[in-house]
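For reference, the structure is listed below as structure tokens.
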Amino acid sequence: MKHLIDITHLTKAQIEHLIQTALNFKKNNLANFHSDVLQGQVVAKLFFEPSTRTRNSFEIAAYRLGAFVISPDMKESALVKGETFLDTIKTLEAMGVHACVIRHAEDGVIQKLAENTQKMAIINAGDGSNQHPTQALIDLMTIYEHQQNWQHLIVSIIGDVKYSRVARSLIQALTIMGVKHIRVIAPQELLPRELADNVQVFNNLNSGLVDADVVVCLRLQKERMTSSAKLNVDAFSEKFCLTEKKLALAKKSALVLHPGPMNRDIEIASNIADGPQSAILKQVENGIAIRMSVLQWCLI
Ligand code: CP
């Protein structure tokens, strides 16, 4: 049994293994795939924040591997009667649940739960602005399908880097894989206080996009912005929305990613999101294969 809490807990070899397993799953027709490898295992999904991709792809991934999935309604759980979250987790563990997939608004809470379980795997499906390790694996897999040479890649990440667990996890994941050119492009108010030394910062979209191989647009995390730090969305969009004209500055073959959900025509122009360079729906498809790979890795 293993946990997946933070992308930095994985080595390059473990990430390569998880991606390769996902690619092998994908070689089968995933829409009809079924295996009994996790038969008899129970996976609980506990989501305290909204989700379409992560919540449903974990459920489909578990189903494809033969696991039984429960999705307790947290608003109807004993939490509302004052039970602590850790007691809820220990209760599920005592019932024989083998893995808990958790999304929570509070940074670091999922790590604390993992430190207090002995028999049940804990999988982080996104905590606050901190980590989204399976999204980072999806993004790496999608990039790898496009280009295998990590060292020579130029990856430009645009927008709300400050509040984005996706950006944080992806920057760390790219660093583990040996990517030398990681750029973030954002207005000052959407830059985190600290960024690793290997990350180049641009406040101007044009210069940050030149020759990029991969362009990652991020959702504006309005729900995490304090009222005093509310952004002028029109001004942001005017300067940082990825349009056809801006994308032309990147390499002709550049891949466009967005973890979703998108704010169309705010972070990314609709014609780019639906255009030939977009791999956004491929990221969604790869989400099933990566989550199958992660469930198998944690539980076998
Ligand atoms: N990318 C992502 O985590 O999407 P959801 O919020 O829909 O799960």
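Note that these values count all heavy atoms, side chains included, but never hydrogens, waters or copies made by symmetry. Every number for a ligand or one of its atoms is a count from 1 in the order of the listing.
Remark: the Asn286 side chain and the Glu145 side chain contain an N/O donor-acceptor pair separated by less than 3.5 Å. For the residue pair Gln20 / Glu16, no side-chain donor-acceptor distance below 3.5 Å is found, with atom types taken as modelled. Checking Asn198 against Lys180 by side-chain atom types alone, no donor-acceptor pair falls below 3.5 Å.
Nearest to atom 8 (O) of ligand 1 by heavy-atom distance, out of Pro50, Ser51, Pro261, Ala125, is Ser51. The closest non-hydrogen atom to atom 7 (O) of ligand 1, taken over Thr54, Asn56, Thr52, Val166, comes from Thr52. Closest to atom 3 (O) of ligand 1 by heavy atom, among His258, His132, Gln283, is His132.
In plain terms, the two heavy atoms of His181 and Leu153 that are nearest each other are CB-O, 3.5 Å.
Between Phe85 and Phe48, the ring planes lie perpendicular to each other; the angle is over 60°, past the 30° to 60° tilted range.
Using a 4.0 Å cut-off between heavy atoms, Glu49 makes no contact with ligand 1 at all.
The single protein non-hydrogen atom nearest to atom 4 (O) of ligand 1 is Arg53 NE, 3.1 Å, given as residue, atom name and distance. The single protein non-hydrogen atom nearest to atom 1 (N) of ligand 1 is Pro259 O, 2.9 Å, given as residue, atom name and distance. Here the protein heavy atom with the shortest distance to atom 6 (O) of ligand 1 is Arg103 NH1, 2.9 Å.
Taking 4.0 Å as the cut-off between side-chain N and carboxylate O, Glu59 and Lys45 count as a salt-bridged pair. Electrostatic pairing of Asp211 and Arg183 does not count as a salt bridge here, judged by no charged N lying under 4.0 Å from a carboxylate O.
Near Gly260, meaning under 4.0 Å from any of its heavy atoms, are these atoms of ligand 1: 1 (N), 2 (C), 4 (O).
Taking distance alone, with nitrogen or oxygen atoms compared against 3.5 Å, Arg55 stays at or beyond that limit from ligand 1.
Ligand 1 has no atom lying under 4.0 Å from any heavy atom of Gly126.
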